[in-house]
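FYI, side chains are in, hydrogens and waters are out, and symmetry mates aren't considered; it's all heavy atoms of this structure. Reminder, nothing fancy here: chain letters follow the sequence lines and each chain counts from 1.
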There are 2 protein chains.
Amino acid sequence: MYTVKEIAKLLDMSEHTVRYYTDMGLVPSLKRDKNGNRLFDEQSKNWLIGIKNLRGSGMSIQAVKEYVNLCLQGESTLKIRYEIILEQKKKLEEQLKEMNERYKYIEHKVNWYLDIMNHRIPDNSNPGTWSTSGSESQVESYASLGSVGHEAL
Amino acid sequence: MYTVKEIAKLLDMSEHTVRYYTDMGLVPSLKRDKNGNRLFDEQSKNWLIGIKNLRGSGMSIQAVKEYVNLCLQGESTLKIRYEIILEQKKKLEEQLKEMNERYKYIEHKVNWYLDIMNHRIPDNSNPGTWSTSGSESQVESYASLGSVGHEAL
DNA sequence: TACTTGACTTAGAGTTACTCGAATGGAATA
DNA sequence: TATTCCATTCGAGTAACTCTAAGTCAAGTA
């Protein structure tokens, strides 16, 4: 049995959020002690883990709640729940793809700064080199080196 | 030169968001036509791409704004900007790690549903098998198959 | 020429998911 | 008993959209 504080620390989320989720009815197995304090057993912990993962993959609170309710309705909802999870998997794959794009962008930036600070490539690093969507180094070289002035930006 | 609608489509963001970002002053190079309509040139497009990537890696609007302002101040701010970007890279790496965890969780779920629906493993799939933090299949087998009843959840 | 359509504008309200703070109250310790 | 420590609820605040209303402007059509 965990208190709010303990479960929050264990699952690395804020106590506020834990209370919020329980208040939203996302943890059907939640228990209380005689003073009304929330108590999480293994089941409640597992619900919270699931909620955290579904939220983190982009599901809204409302959607999570609906999923939880489907779970409580038993095996008649298996197929629809499977489809929900499958859909979520697809979204997650999409997000991972975007994340990787972002990572490449940031990596590119880091290298750009390193080059500049080492006095290599002091300005025009051939505009249009960044991926398919145009180079931000074009902007950067302009913005950061101020060769033209702020008005023209 | 792109209109709001065009740039929004091109960068896959809502027109609302594009306007919101420009209103927040995140695109210093923004132009307007004689009627006050926003016009995005390559520079503005590149700013937007940068903003999108920084936001997507967890930077707040305010933080992005501060970064943009640092850019406009020229090369005297190179070092601090480099540190900001480096910090953002670290955050992204953290996010990617979490994403992968989530993906494993969802994959596990998908397989769990497939197993159940194929009438393999109809109920107790050995509680405690999910990663280090306990098995949600424990909850699921309980919740979805309703062998005990909803009250006990 | 008048009318309609459509894309754009601003201002402001609404939404989601937290996030915080104040007021309250039981339980353990000095 | 007083203080401290948790935990509680409730309501307000915040960030980042998201949407709606009301209005402007230019182009196309009857």
Side-chain angles (χ1 to χ4, degrees), chain A residues 1-27 30-41 44-45 47-68 88 91-92 95 98-99 102, chain B residues 1-27 30-41 44-45 47-69 88 91 95 98-99 102:
Chain A
M1 290 296 213
Y2 311 92
T3 65
V4 168
K5 170 167 264 183
E6 285 162 354
I7 203 86
K9 186 165 191 183
L10 193 61
L11 304 188
D12 191 34
M13 46 208 299
S14 83
E15 299 176 34
H16 284 299
T17 302
V18 170
R19 291 205 186 90
Y20 178 64
Y21 285 175
T22 62
D23 290 351
M24 293 288 100
L26 301 185
V27 186
L30 181 75
K31 302 288 186 303
R32 301 268 185 167
D33 69 10
K34 64 231 86 175
N35 298 318
N37 294 352
R38 291 168 185 80
L39 283 180
F40 296 80
D41 56 12
S44 297
K45 186 180 89 177
W47 276 114
L48 263 187
I49 291 170
I51 292 158
K52 197 193 167 196
N53 281 308
L54 292 178
R55 277 287 305 124
S57 64
M59 233 171 158
S60 72
I61 294 272
Q62 190 51 42
V64 172
K65 195 177 163 92
E66 279 154 21
Y67 175 79
V68 169
Q88 223 46 39
K91 280 195 198 163
L92 209 41
Q95 284 174 44
E98 284 170 22
M99 278 280 184
R102 254 170 239 149
Chain B
M1 289 298 212
Y2 311 91
T3 65
V4 167
K5 169 167 263 184
E6 286 162 353
I7 203 86
K9 186 166 192 183
L10 193 62
L11 304 189
D12 191 35
M13 46 209 296
S14 83
E15 300 175 34
H16 285 299
T17 303
V18 170
R19 292 204 187 90
Y20 179 63
Y21 285 176
T22 61
D23 289 352
M24 293 288 100
L26 301 185
V27 187
L30 182 76
K31 301 288 187 303
R32 302 269 183 165
D33 69 8
K34 64 231 87 177
N35 298 317
N37 295 351
R38 291 167 185 80
L39 282 180
F40 295 79
D41 55 13
S44 297
K45 187 179 89 178
W47 276 113
L48 263 187
I49 291 170
I51 292 158
K52 197 192 167 199
N53 281 308
L54 292 179
R55 277 287 305 125
S57 65
M59 232 169 158
S60 72
I61 295 271
Q62 191 50 43
V64 172
K65 196 177 163 91
E66 278 154 21
Y67 176 79
V68 169
N69 286 338
Q88 223 46 39
K91 280 196 198 162
Q95 284 175 42
E98 282 170 23
M99 277 280 184
R102 255 171 237 149

Task: Most 5' of A:T17 and A:K34 on DNA chain C, judged by nearest nucleotide - done: A:T17
Open item on the list: So, does B:N35 get its side chain near the phosphate of D:dA26, meaning an N or O under 4.0 Å from OP1 or OP2?
Closed with: yes
Task: B:N35 atom CG, neighbour heavy-atom count above 12 within 6.0 Å - done: yes
- [ ] Without swapping roles, check the side chain of A:R102 against the backbone of B:G56 for a donor-acceptor pair under 3.5 Å.
- [x] yes
- [ ] Check the distance between C:dT9's P and B:R38's CZ and give it to me in whole angstrom.
- [x] 4 Å
Open item on the list: Students often get this wrong, so: under 4.0 angstrom with heavy atoms, is B:R19 touching a base, only sugar-phosphate, or nothing?
Closed with: base
- [ ] Quickly work out the A:M1 CE to D:dC6 P distance and round it to whole Å.
- [x] 21 Å
TODO: Please state how far atom NZ in A:K5 lies from atom P in D:dC6, giving the value in whole angstrom units.
DONE: 5 Å
Open item on the list: Distance check needed: D:dA26 P versus B:D33 CG, whole Å only.
Closed with: 9 Å
- [ ] Find the distance between OG1 (A:T22) and CE (A:M24) and round it off to the nearest 0.5 Å.
- [x] 9.0 Å
Open item on the list: So if I take every side-chain heavy atom of A:R32 and compare against D:dA16, D:dT8, C:dT9, which nucleotide ends up nearest?
Closed with: D:dT8
TODO: Between D:dT8, D:dC17, C:dC18, spot the one nearest the side chain of A:V4, thanks.
DONE: D:dT8
Task: Closest to side chain of B:H16, choosing from D:dC17, D:dC19, C:dA17 - done: D:dC19
TODO: Kindly point out which of C:dC18, D:dT18, D:dT8 is positioned nearest to the side chain of B:Y20?
DONE: D:dT18
TODO: Send over the distance from A:M24 CE to D:dC10 P, rounded to a whole Å.
DONE: 12 Å
Open item on the list: What is the separation between atom CG on B:L39 and atom C1' on D:dC25, rounded to the nearest whole Å?
Closed with: 14 Å
Task: Nearest-angstrom distance from the residue atom CG of B:L30 to P of C:dT9 - done: 9 Å
Task: Which nucleotide in D:dT8, C:dC8, C:dC18 has an atom nearest any side-chain atom of B:T3 - done: C:dC8
Task: Check: A:A8 main-chain N/O paired with A:E15 side-chain donor or acceptor under 3.5 Å - done: no
Open item on the list: From CG of A:N37 over to P of C:dG25, roughly how many Å is that when rounded to an integer?
Closed with: 14 Å
Open item on the list: So B:S14, base contact, sugar-phosphate only, or nothing? Heavy-atom distance under 4.0 Å.
Closed with: nothing
Open item on the list: Both B:E15 and A:S60 contact DNA chain C. Taking the nearest nucleotide for each, which residue is further toward the 5' end?
Closed with: B:E15
Task: Donor-acceptor under 3.5 Å (B:K91 side chain, B:G58 main chain) - done: no
Task: B:Y21 side chain near D:dA16 phosphate (N/O to OP1/OP2, under 4.0 Å) - done: no
